[in-house]
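All remarks here apply to the structure that follows.
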Amino acid sequence: MNDGIGETFSLPADTLASLVAPGVQRLAARMAQDAFSQIFRLTLESDPLALSTALDEIERRSRNWARAAEGDDARALRLALLVSGIDQWGLAYCQAFGLNAIPGVSTLLGALRNSLDAADDARFQKAFSSIEQAESHAIDFKMELRRNIHLALWHAMIACEREDAKSIQAALGSLLLALVARMPVLGWRLAADALATIQLRCLTDPENSHGLAPELTQELFEALRRALPRKTFEPMLAHANQAVIDWQQSRRLH
């Protein structure tokens, strides 16, 4: 697997890739992000009719995309990836913004499950469980999903006033720490990907070098340094820094 901004590294085999190829896994992560973003925006706008219409359309597109796969198991896994992705976005935003729930997310996830017959539901449950059975399962989906969640929260953090930014900063740090703890082999690499992506945003967007952004970003990195064992944090930061260096060198060559 290539993380998109760093070196290629070897992984245990992703046995789910035979059902849903890496490129399709990454597409599932992006579709989950798009669905959640639309639901969250319409929730904030307090427009029940627009939200209901959007939920119906997202459900229709999600089902059609899942059904386009070849074979029952592949269809179940596509749907499981979408459900997992949307759910993880919802949980992350609830944690970051102090919400108990995002009703539109619950409505959509329930609708996607409730119309399955017994056989399809059993296949869905098996597929959903298989995603977390091994760290390398659906790893391209996990990498794309976590990168985008972490980056979205970082953007929200640097766009806020300090008081609100600190709560988002704490939530983002907690998510990264939980990732490392939950995935002892690969979690630190996914966290390193997030740190590298954040650093690249600081380098490529001049607005991110002013105001609270540099200070809040440095505080996030320092909090991770304090919370993680040295044997974990130092390779993680080194991997992230090397990805940034590689990106800078590739820019010079072009």
Side-chain angles (χ1 to χ4, degrees), residues 3 5-6 29 32-33 36-37 39-40 43-44 81 83-103 105-106 109 128 131-132 134-135 137-139 141-202 208 211-241 243:
D3 62 12
I5 56 176
Q33 178 181 8
F36 174 79
S37 297
I39 292 169
F40 190 65
T43 300
L44 292 179
L81 290 171
V83 169
S84 174
I86 295 167
D87 186 49
Q88 289 184 60
W89 272 97
L91 291 173
Y93 267 57
C94 284
Q95 183 175 340
F97 297 101
L99 304 172
N100 292 324
I102 302 173
V105 169
S106 301
L109 298 185
F128 193 86
I131 296 169
E132 299 301 327
E135 292 185 34
H137 285 185
I139 188 61
F141 165 79
K142 292 173 182 175
M143 178 73 81
E144 184 81 13
L145 180 75
R146 300 313 305 186
R147 176 192 296 144
N148 293 338
I149 290 174
H150 299 147
L151 188 60
L153 290 179
W154 177 78
H155 276 298
M157 178 187 77
I158 65 174
C160 291
E161 297 296 329
R162 171 169 285 280
E163 183 176 352
D164 292 332
K166 293 294 288 184
S167 63
I168 299 173
Q169 181 191 73
L172 177 53
S174 295
L175 287 171
L176 289 166
L177 292 174
L179 180 63
V180 174
R182 190 172 67 252
M183 299 176 66
V185 176
L186 302 177
W188 71 269
R189 288 189 180 273
L190 272 67
D193 176 82
L195 300 186
T197 305
I198 288 169
Q199 290 183 76
L200 288 177
R201 291 298 186 275
C202 291
N208 295 334
L212 289 175
E215 180 182 347
L216 291 168
T217 301
Q218 184 62 33
E219 288 176 358
L220 174 65
F221 280 47
E222 287 301 320
L224 293 172
R225 184 192 299 275
R226 291 192 300 270
L228 289 169
R230 183 175 179 179
K231 65 180 182 180
T232 301
F233 181 79
E234 289 190 351
M236 185 173 78
L237 186 62
H239 187 77
N241 290 342

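Source: prediction; values computed, not measured.
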Closest approach of [X] and [Y], non-hydrogen atoms and distance?
X: Leu81; Y: Phe141; answer: O-CZ, 3.3 Å
X: Ile168; Y: Ala96; answer: CG1-O, 3.9 Å
X: Gly85; Y: Leu145; answer: CA-CD1, 3.8 Å
X: Arg225; Y: Leu237; answer: NH2-CD2, 3.8 Å
X: Ala101; Y: Cys94; answer: CA-SG, 3.8 Å
X: Trp154; Y: Cys202; answer: CZ2-SG, 3.6 Å

Quick one: does [X]'s side chain get under 4.5 Å of [Y]'s, heavy atoms only?
X: Leu212; Y: Met157; result: no
X: Met143; Y: Leu186; result: no
X: Leu153; Y: Phe97; result: yes

[atom1]-[atom2] distance between [X] and [Y], expressed to the nearest 0.5 angstrom:
X: Trp188; Y: Glu234; atom1: CH2; atom2: CD; result: 12.0 Å
X: Phe233; Y: Glu222; atom1: CZ; atom2: CD; result: 7.0 Å
X: Ile198; Y: Arg147; atom1: CD1; atom2: CZ; result: 12.0 Å
X: Glu135; Y: Leu190; atom1: CD; atom2: CG; result: 9.0 Å
X: Phe36; Y: Gln88; atom1: CZ; atom2: CD; result: 12.0 Å
X: Phe40; Y: Ile102; atom1: CZ; atom2: CD1; result: 5.5 Å

Exercise for the section: Show your working on side-chain contact (heavy atoms from CB on, under 4.5 Å) between Lys166 and Leu216 and close with a plain yes or no. Expected result: CA-CA 8 Å; Lys166 293 294 288 184; Leu216 291 168; 4.2 Å; yes

Exercise for the section: Go through the steps for Val180 and Leu224 under the test side-chain contact (heavy atoms from CB on, under 4.5 Å), then give the verdict. Expected result: CA-CA 11 Å; Val180 174; Leu224 293 172; over 6 Å; no

Practice task
Keeping the roles fixed (side chain from Lys142, backbone from Ile131), state whether a donor-acceptor pair exists under 3.5 Å.
Solution key: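 Indeed, once roles are kept as given, a pair shorter than 3.5 Å links the two residues.
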
Exercise for the section: Please answer whether the main-chain N or O of Glu144 pairs with a side-chain N or O of Asn148 as donor and acceptor at a distance below 3.5 Å. Expected result: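 Yes, the answer is positive, given that a donor and an acceptor are paired below the 3.5 Å cut-off.
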
Practice task
May I ask you to decide whether Arg162 forms a salt bridge with Glu215, counting only side-chain N to carboxylate O separations under 4.0 Å?
Solution key: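 Salt bridge between Arg162 and Glu215, a charged N being under 4.0 Å from a carboxylate O: yes.
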
Handout entry: Glu163 and Ser167: side chain donor to acceptor below 3.5 Å
Key =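 No, Ser167 and Glu163 have no side-chain donor paired with an acceptor closer than 3.5 Å.
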
Exercise for the section: Go through the steps to decide whether Asn241 and Gln199 satisfy the test side-chain contact (heavy atoms from CB on, under 4.5 Å), and finish with yes or no. Expected result: CA-CA 8 Å; Asn241 290 342; Gln199 290 183 76; 3.3 Å; yes

Practice task
For Thr197 and Asp193, run side-chain contact (heavy atoms from CB on, under 4.5 Å): C-alpha distance rounded to whole Å, both residues' side-chain angles, the deciding distance at 0.1 Å, then the answer.
Solution key: CA-CA 6 Å; Thr197 305; Asp193 176 82; 3.9 Å; yes

